[in-house]
Asks: 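Have a look at this one.
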Amino acid sequence: QVQIVESGGGLVQAGGSLRLSCTASGLTFDDYAMGWFRQAPGKEREGVSVISWSGVNAYYAEPVKGRFTIARDNAKNTVYLHMNSLKPEDTAMYYCAAGRWYAGAWYLDPGTYNYWGQGTQVTVSS
């Protein structure tokens, strides 16, 4: 079955950096777009950044543009999220997901993705 496992979360001071990793198995990795999403307590899950199956196209939510970078290594079935200049408002559980983009899909919409990991916690202290 499909397994998606995130790692790399932790506690960091504001202005610091973290790199999240996500490894997928049980699927043909380069058939799927991959995305990072986050959910803070009391809030809905929101898209952070997503990347096409080839890695050519990537999209970012406005709050993270210029600070976060998504990348994937199809040879390793892994997608990364490099997070710089972290802010307390970035504190959330971060989830990795796999899905297939289709015409008209909202790429940053969690509903576009079928397979999800358990999440990794990111906490940014002020």
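Reckoned from all heavy atoms, side chains included, excluding hydrogens, waters and symmetry mates. Since the structure is predicted, the reported quantities are computational estimates derived from the model, not experimental observations.
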Asks: Side-chain heavy atoms under 4.5 angstrom apart, residues restricted to Ile, Leu, Val, Met, Phe, Trp, Tyr: same cluster for I70 and L86?
Replies: yes
Asks: Does Y95 belong to the same Ile/Leu/Val/Met/Phe/Trp/Tyr cluster as F29, with side-chain heavy atoms less than 4.5 Å apart forming each link?
Replies: no
Asks: Indicate the atoms forming the closest heavy-atom contact of I4 with A24, along with that distance.
Replies: CG1-CB, 4.1 Å
Asks: Which pairs pass ring-ring contact (aromatic ring centres under 6.0 Å, His included) with one or both residues in residues 61-87, sequence neighbours excluded?
Replies: none
Asks: Find the distance between CE (M93) and OG1 (T120) and round it off to the nearest 0.5 Å.
Replies: 7.5 Å
Asks: Give me the atom names and distance for the closest heavy-atom approach of L108 to A61.
Replies: CD1-N, 3.9 Å
Asks: Working to the nearest 0.5 angstrom, can you tell me the gap between N77 CG and T28 OG1?
Replies: 9.0 Å
Asks: For the atom pair CG (N74) and NZ (K76), what is the distance rounded to the nearest 0.5 Å?
Replies: 12.0 Å
Asks: Return the set of residues passing salt bridge (Lys or Arg N to Asp or Glu O under 4.0 Å) with R100 (not counting sequence neighbours), or none when no residue passes.
Replies: D31
Asks: Which heavy-atom pair separates A14 from S126 by the least distance, and what is that distance?
Replies: CB-CA, 4.3 Å
Asks: Rounded to the nearest 0.5 Å, how far does OH of Y113 lie from CE of M34?
Replies: 9.5 Å
Asks: If I compare all heavy atoms of V64 with all of V48, which pair ends up nearest, and what's the gap?
Replies: CG2-O, 3.6 Å
Asks: What pairs with Y94 under ring pair (Phe, Tyr, Trp, His ring centres under 6.0 Å), at least two apart in sequence or on another chain?
Replies: none
Asks: Output all residues satisfying salt bridge (Lys or Arg N to Asp or Glu O under 4.0 Å) with R38, sequence neighbours left out; order by chain, then residue number.
Replies: E46, D90
Asks: Taking atom types as modelled and ignoring hydrogens, do the side chains of S17 and N84 form a donor-acceptor contact shorter than 3.5 angstrom?
Replies: yes
Asks: Write out all pairs satisfying ring-ring contact (aromatic ring centres under 6.0 Å, His included) with one or both partners inside residues 41-66, taking only residues at least two apart or from two chains.
Replies: Y59-W101, Y59-Y107
Asks: Are L18 and I51 linked, directly or through other ILVMFWY residues, by side chains that come within less than 4.5 angstrom of each other?
Replies: yes
Asks: If we ignore hydrogens and angles and just use 3.5 Å, is the side chain of R72 paired with the main-chain N or O of G55 as donor and acceptor?
Replies: no
Asks: Looking only at non-hydrogen atoms, find the nearest pair between W36 and C22 and report the distance.
Replies: CZ2-CB, 3.5 Å
Asks: So which atom in P110 and which in W116 form the shortest heavy-atom distance, rounded to 0.1 Å?
Replies: O-CZ2, 3.4 Å
Asks: Which residues satisfy the salt bridge (Lys or Arg N to Asp or Glu O under 4.0 Å) test with E62, sequence neighbours excluded?
Replies: K65
Asks: Can you confirm whether more than 12 heavy atoms, excluding those of Q118, are under 6.0 Å from its CD atom?
Replies: no
Asks: Any donor and acceptor pair, going by atom type alone, linking the side chain of E6 with main-chain N or O of C96 inside 3.5 Å?
Replies: yes
Asks: Pair T112, V50 - check side chain to side chain contact (heavy atoms under 4.5 Å, CB included), show working.
Replies: CA-CA 11 Å; T112 299; V50 297; over 6 Å; no
Asks: Under a 3.5 Å cutoff, is there a donor and acceptor pairing between the side chains of T123 and T91?
Replies: no
